[in-house]
Amino acid sequence: MAKLFFTIFLLFIATTTWAEDPATTLYLLGYDIPTEQRQQVVAQDVAAIKTDIAERSKAPLWRIIQGKEAPPYPQPSRDTYPNIDLRPLTLCRKVNDCPQDIAQNPQSFHDSLKTLAPVLRDIDDLQHSPSAALHTPFQGELATFHSPIPAYQYLIQPLVTRNAIMLQDDLEQGTIQACISINFGKNLIRSQSNLVQSIIGATLIDYNLDLLAHYPQRNLPEQCQSALQPLDSTTISLCPLMQYETNLNTNIIHTLPNIPFLLSHNHTIALMDEQYAQYCSNIWQQNISLDHIATAVITDHTPRKQCLLNTIGCILNDIEKPDYSAYQNRLQDSNAYLRLWQAAHDPDCQQDPTAYIAKIAPTWAEQRNLHLDDNRLTINTYNRQRRKHISVACQP
C-alpha cells in the first residue's frame with residue numbers, strides 16, 4: 001500500500017504544473033528563458049537593482065553631475081536570453097486594416113502566431129490573473145527610473161492579431177476572446193501599477209473594441225456583458241499612478257547625498273509632491289467623475305524663496321515637471337468608448353438613433369459632442385493624438 005501511494009505521489013509531481021507568479025510572467029514576457037531558470041533570473045535582477053541603489057547613494061553628487069563616478073546601470077539578466085523579434089512577423093499593425101489583411105494573406109498570419117505560441121500562452125495566463133497581481137517585481141523602494149519594465153509590446157500586436165483571426169474563423173469564440181482581452185485591458189488599468197501599463201490597458205480596450213466593430217452582432221456572448229461595462233472614475237484617475245511617480249522621485253532623491261544649503265531630501269521631495277498633488281485634488285477627481293476634460297497647471301519655475309537653502313533641489317524640481325493631462329485624457333477616452341458601446345446596444349438606439357441621442361445623458365452628450373455620423377453614434381476624443389472621434393454603429 002505504501003508503495004502504491006508513493007507511486008501516485010510521483011505521478012502527481014510529474015504531471016502537475018506549478019503556477020508561476022503573474023509578476024514574473026509579465027516581466028519575462030517575450031524572453032526565451034528555461035522554466036527552471038525564470039525565478040532565478042528575476043531574483044538576480046532584483047538583487048542588481050538593490051545593489052545599484054546602494055552604490056549610487058555612495059557616489060559624490062558633484063562627481064555624478066560631471067559623469068565621472070556615476071555607477072553604470074546594471075544590465076538585466078533577462079536581456080542575456082534571446083527574445084522574439086516582432087518586426088519580421090506578419091501581425092496586425094493597423095487594427096482597422098487587420099481583417100482585410102488577414103483575408104488576403106491568412107497563412108502568413110497563422111505562421112506568425114505559431115512563432116508566438118509561448119508568448120500567447122503566457123498572455124493567456126495573465127489574462128486570467130487578478131488585477132492586483134499584475135505588477136512588476138520592482139515595487140516600493142526598488143521603483144527607480146532605470147528599473148527594467150516588462151516588454152509591453154508583446155501584449156498588443158500578438159493578442160490583437162490572434163483575436164482578429166478568431167473573429168474571422170469563429171465569430172462567437174472570437175467575440176468571447178476579444179471581450180476577455182478588453183477585460184484584461186481593464187485589469188491592467190485596475191492594477192494601478194504604473195503609467196505605461198495603464199496606457200497599454202487602454203490600448204487593448206480600444207483595439208479590441210475596434211475589432212468588434214467590424215462584426216456587428218445583436219446579441220453578444222455573456223462574457224461580454226461585464227467586459228463592456230465602463231470603469232468607475234476612481235479607477236481611471238491618475239491619482240494612484242501619480243503616487244507611483246512620486247515614489248520614483250523619492251527613491252531617486254534618496255540616492256543623492258544631503259548637502260547643507262544645496263540639497264535637502266525632505267524639501268526637494270516636498271516640492272515634487274506639490275506638483276503631483278493636483279492630480280489627486282478634489283477638483284481633478286470631480287472632473288474625472290463628470291468626464292470633463294482634465295488639464296493640469298504646470299508652473300515654469302519654483303519660487304525663489306523656496307530655493308534659498310535648496311538650490312540643487314529646486315533645479316531638480318524644475319527639470320522634472322511633466323504634464324500628465326494627455327495620459328488622463330487617454331484613459332477617459334477609452335472609458336468613453338466603453339460607454340458608447342453600452343449605448344449602441346440599447347434597444348432604443350437600434351429603433352431610432354436620432355431620438356435616442358436626444359434623451360441620453362445630456363451633459364455628457366454635450367461635452368463629448370455626441371452626434372450621428374452616417375448613422376453611427378459619434379463622440380469627440382479628449383486626447384486627439386491617435387484619433388479625433390470615436391464612433392459605434394447602433395447594433396442590429
Side-chain angles (χ1 to χ4, degrees), residues 23 27 42 44-76 135-150 191-199 237-281 284 296-328:
Y27 176 62
V42 175
Q44 288 172 344
D45 287 352
V46 169
I49 290 296
K50 287 182 178 179
T51 300
D52 178 73
I53 291 172
E55 292 181 352
R56 203 167 294 277
S57 64
K58 297 175 183 177
L61 179 61
W62 53 89
R63 302 290 286 179
I64 291 177
I65 294 174
Q66 294 174 358
K68 295 182 178 180
E69 285 191 5
Y73 293 126
Q75 179 191 18
H135 58 77
T136 77
F138 306 98
Q139 301 294 305
E141 64 181 13
L142 298 182
T144 69
F145 287 110
H146 58 276
S147 298
I149 64 172
S191 73
Q192 299 177 334
S193 177
N194 59 70
L195 193 58
V196 174
Q197 185 161 300
S198 289
I199 298 303
S237 171
L238 285 189
C239 182
L241 299 173
M242 291 303 98
Q243 292 169 0
Y244 176 83
E245 295 294 317
T246 300
N247 191 33
L248 282 178
N249 286 319
T250 299
N251 292 340
I252 290 295
I253 296 301
H254 280 303
T255 64
L256 304 174
N258 266 310
I259 304 176
F261 310 113
L262 289 176
L263 177 60
S264 163
H265 285 179
N266 292 339
H267 289 166
T268 304
I269 291 168
L271 287 174
M272 291 182 170
D273 284 350
E274 284 181 15
Q275 61 180 307
Y276 291 115
Q278 64 180 307
Y279 300 103
C280 293
S281 67
W284 189 273
V297 178
I298 307 298
T299 56
D300 291 334
H301 300 288
T302 306
R304 295 183 63 180
K305 64 180 181 180
Q306 295 180 279
C307 303
L308 295 177
L309 302 178
N310 189 32
T311 305
I312 294 176
C314 283
I315 293 173
L316 294 173
N317 184 55
D318 288 339
I319 292 173
E320 180 58 29
K321 283 193 174 182
D323 184 351
Y324 292 100
S325 303
Y327 296 104
Q328 181 65 82

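FYI, side chains are in, hydrogens and waters are out, and symmetry mates aren't considered; it's all heavy atoms of this structure.
Remark: Ala48 engages Pro74 in a side chain to side chain contact (heavy atoms under 4.5 Å, CB included) (not counting sequence neighbours). Applying the side chain to side chain contact (heavy atoms under 4.5 Å, CB included) criterion to Gln306, with sequence neighbours excluded, gives Leu271, Glu274, Thr302, Pro303. Residues that satisfy the ring pair (Phe, Tyr, Trp, His ring centres under 6.0 Å) test with Tyr27, not counting sequence neighbours, are Phe138. Here Gln139 pairs with Thr136 under the side chain to side chain donor-acceptor pair (under 3.5 Å) rule; sequence neighbours left out. Annotation: side chain to side chain donor-acceptor pair (under 3.5 Å) contacts of Ser198 (sequence neighbours excluded): none. Contacts of Ser193 classified as side chain to side chain donor-acceptor pair (under 3.5 Å), with partners at least two apart in sequence or in another chain: none. Remark: His267 pairs with no residue by the ring pair (Phe, Tyr, Trp, His ring centres under 6.0 Å) rule, at least two apart or across chains. Residues forming a side chain to side chain contact (heavy atoms under 4.5 Å, CB included) with Leu262 (at least two apart in sequence, or on another chain): Ile259, Thr311, Ile312. By the side chain to side chain contact (heavy atoms under 4.5 Å, CB included) test, Asn266 is found to be paired with Ser264, residues two or more places apart in sequence or in another chain being considered. With sequence neighbours left out, the side chain to side chain donor-acceptor pair (under 3.5 Å) criterion links Gln328 to Trp284.
In this structure, the side chains of Leu316 and Leu256 come closer than 4.5 Å at one or more pairs of heavy atoms. Within the 4.5 Å cutoff, no side-chain heavy atoms of Ser325 are placed close to those of Leu238. You'll find the side chain of His146 reaches within 4.5 Å of the side chain of Ile49, heavy atoms only. Looking at Lys50 and Leu142, their side chains come closer than 4.5 Å, going by heavy atoms from C-beta outward. Under the 4.5 Å side-chain criterion, counting only non-hydrogen atoms from C-beta, Gln278 is in contact with Ile298.
Around atom OH of Tyr327, no more than 12 heavy atoms belonging to other residues, nucleotides or ligands sit under 6.0 Å away. Counting non-hydrogen atoms of neighbouring residues, nucleotides and ligands closer than 6.0 angstrom, the CD atom of Glu141 reaches no more than 12 such neighbours.
Not one N or O on the side chain of Ser191 forms a donor-acceptor pair closer than 3.5 Å with the backbone of His135. Within the 3.5 Å criterion, the main-chain N or O of Leu195 finds no donor-acceptor partner in the side chain of Tyr324. The closest donor-acceptor contact from the side chain of His265 to the backbone of Ile253 lies under 3.5 Å. Using a distance-only test at 3.5 Å, with no hydrogens or angles considered, a donor-acceptor pair links the side chain of Asn251 to the main chain of Ala143. The backbone N or O of Tyr276 sits nowhere less than 3.5 Å from a side-chain atom of Glu245 that would complete a donor-acceptor pair.
Remark: Thr144 OG1 to His254 NE2 distance equals 14.0 Å, nearest 0.5 Å. Between the CG atom in Asp273 and the SG atom in Cys280 there is a gap of 10.0 Å [rounded to 0.5 Å]. Taking CD from Gln243 and OG1 from Thr250, the interatomic distance works out to 11.5 Å, rounded to the nearest 0.5 Å. To the nearest 0.5 angstrom, Thr255 atom OG1 is 12.5 Å from Glu55 atom CD. The distance from atom CD1 of Ile269 to atom CG of Asn249, rounded to the nearest 0.5 Å, is 9.0 Å.
Taking each heavy atom of Asn194 and Val196 in turn, the nearest pair found is OD1-N, 3.2 Å.
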